Amino acid sequence: MSKVKLNLIAAACENMGIGINGSLPWRLKNEMLYFTNMTTKVKDSTKINAVIMGRKTWDSIPTKYRPLNNRINIVLTRQVDTVKKDTPDDVIVLPGLDEAISYINGREDIESSWVIGGSFIYKAAMEHPNCDKIYLTEIQKNFECDTFFPTIDRQQFHLVDEEGVPKDRQKEGNIDYYFRVYKRL
Ligand SMILES: NC(=O)c1ccc[n+]([C@@H]2O[C@H](COP(=O)([O-])OP(=O)(O)OC[C@H]3O[C@@H](n4cnc5c(N)ncnc54)[C@H](OP(=O)(O)O)[C@@H]3O)[C@@H](O)[C@H]2O)c1
């Protein structure tokens, strides 16, 4: 078993929706800052984190914001050669999650690894033995969605408090949400 631990990070609304028409159903500036902070911050300043995403999530990031800065971007696709041609050279394009874990395992400079969506990649990561924590922003509202977060197995993953993650209710405009952390026990 490799030493790589996977963290998932997602924002979902009450019906567990995460996306619609290839983008996010909401605009939450501070939630986005939380995502950037959690996926970027490192304890060891000589290291960097990795973000692992499906090809459609890559496509959903506005061109000017990708690759996500100060992070190693790993994109999963069944069409590695085609996607490689369309992405900058510093983006790692791989055919699956196990290949991503092997890649990360082979690099000494990666501190933590974040699975950032979408549905399939979340499910595959959650079922993977290397999955450790799920950082889920729980939005207290329903939005129309066509993409959903997979069911969390509550026998395996338990709600925990984590230092640095605010426990109190967050509010942006008329949208309330909580930052939750589930850990595999
Ligand atoms: N709310 C959130 O936190 C959040 C986070 C991320 C994304 N989103 C939203 O979710 C939507 C995108 O997510 P999605 O679930 O539709 O797509 P996705 O998981 O990002 O990407 C799907 C693609 O991943 C590749 N893939 C799937 N299974 C694979 C496998 N077994 N091996 C290798 N590659 C595989 C395929 O790429 P190819 O077709 O190239 O082969 C597939 O088309 C957007 O609306 C986005 O805004 C929301």
Side-chain angles (χ1 to χ4, degrees), residues 6-40 49-69 71-88 91-104 113-131 133-152 157 165 170 172-173 175-182:
L6 298 175
N7 297 317
L8 273 69
I9 186 162
C13 59
E14 274 179 351
N15 55 8
M16 294 311 276
I18 59 166
I20 186 147
N21 300 327
S23 69
L24 295 176
W26 45 77
R27 213 186 109 68
L28 297 169
K29 208 167 158 236
N30 293 336
E31 206 285 321
M32 200 61 97
L33 284 174
Y34 173 78
F35 167 84
T36 302
N37 181 38
M38 295 304 285
T39 56
T40 308
N49 293 336
V51 286
I52 306 166
M53 70 197 95
R55 194 263 309 158
K56 288 183 185 170
T57 295
W58 167 264
D59 285 346
S60 78
I61 304 170
T63 321
K64 63 177 174 178
Y65 294 123
R66 69 187 201 205
L68 297 177
N69 59 11
R71 286 152 284 181
I72 309 283
N73 285 226
I74 301 175
V75 176
L76 305 186
T77 173
R78 293 192 183 90
Q79 303 172 66
V80 170
D81 294 338
T82 315
V83 174
K84 249 187 193 158
K85 278 189 206 116
D86 296 339
T87 46
V91 173
I92 313 300
V93 182
L94 294 170
L97 191 59
D98 282 325
E99 287 81 354
I101 292 171
S102 299
Y103 174 81
I104 292 165
S113 306
W114 294 86
V115 173
I116 64 164
S119 282
F120 158 79
I121 316 290
Y122 283 139
K123 189 165 191 300
M126 220 189 268
E127 290 169 356
H128 200 283
N130 291 34
C131 182
K133 289 184 199 163
I134 300 168
Y135 292 76
L136 184 65
T137 300
E138 297 180 353
I139 299 171
Q140 309 292 296
K141 200 176 169 175
N142 263 321
F143 288 83
E144 191 192 343
C145 292
D146 58 18
T147 314
F148 295 85
F149 194 76
T151 308
I152 298 175
F157 291 95
V165 174
Q170 309 290 309
E172 285 192 68
I175 304 176
D176 293 349
Y177 57 88
Y178 292 90
F179 296 123
R180 305 278 201 219
V181 183
Y182 295 89

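Only a predicted model underlies this, so the values are computations on that prediction, with no experimental measurement involved. One-based numbering, in listed order, for ligands and for the atoms of each.
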Nearest-neighbour protein heavy atom for [atom], which is reported as residue plus atom name and distance:
| atom | answer |
| --- | --- |
| atom 37 (O) of ligand 1 | Arg55 CB, 3.5 Å |
| atom 47 (O) of ligand 1 | Ser23 C, 3.1 Å |
| atom 9 (C) of ligand 1 | Ile18 O, 3.7 Å |
| atom 38 (P) of ligand 1 | Thr77 OG1, 3.4 Å |
| atom 12 (C) of ligand 1 | Thr57 OG1, 3.7 Å |
| atom 44 (C) of ligand 1 | Gly22 C, 3.7 Å |
| atom 31 (N) of ligand 1 | Phe120 CZ, 2.9 Å |

At under 4.0 Å between heavy atoms, is it the side chain or the backbone of [X] that contacts ligand 1, or both, or neither?
| X | result |
| --- | --- |
| Tyr122 | side chain |
| Phe35 | neither |
| Thr147 | side chain |

Considering distance alone, does some N or O of [X] sit under 3.5 Å from an N or O of ligand 1?
| X | value |
| --- | --- |
| Pro95 | yes |
| Gly118 | yes |
| Lys56 | yes |
| Ser119 | yes |
| Ile116 | no |
| Ile121 | no |
| Arg78 | yes |

If we only consider heavy atoms of [X], is any one of them less than 4.0 Å away from an atom in ligand 1?
| X | answer |
| --- | --- |
| Ile20 | yes |
| Phe149 | no |
| Tyr135 | no |

Exercise for review: Show which atoms of ligand 1 fall inside a sub-4.0 Å distance from at least one heavy-atom site of Ala11.
Suggested key: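 Counting atoms of ligand 1 from 1, those under 4.0 Å from Ala11 are 1 (N), 2 (C), 3 (O).
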Review point. Are the ring centres of Tyr122 and Phe149 closer than 6.0 Å?
Key: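 Yes, they do, as the ring centres are separated by less than 6.0 Å.
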Review point. When the aromatic ring centroids of Tyr135 and Trp114 are compared, is their separation below 6.0 Å?
Key: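 Yes: the rings meet the under 6.0 Å criterion.
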Review point. So, for atom 42 (C) of ligand 1, does the protein have a heavy atom nearer than 4.0 Å?
Key: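 There is no protein heavy atom less than 4.0 Å from atom 42 (C) of ligand 1.
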Review point. Parallel, tilted or perpendicular: which describes the rings of Tyr34 and Phe179, with under 30° parallel and over 60° perpendicular?
Key: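 Parallel: the ring planes of Tyr34 and Phe179 meet at under 30°.
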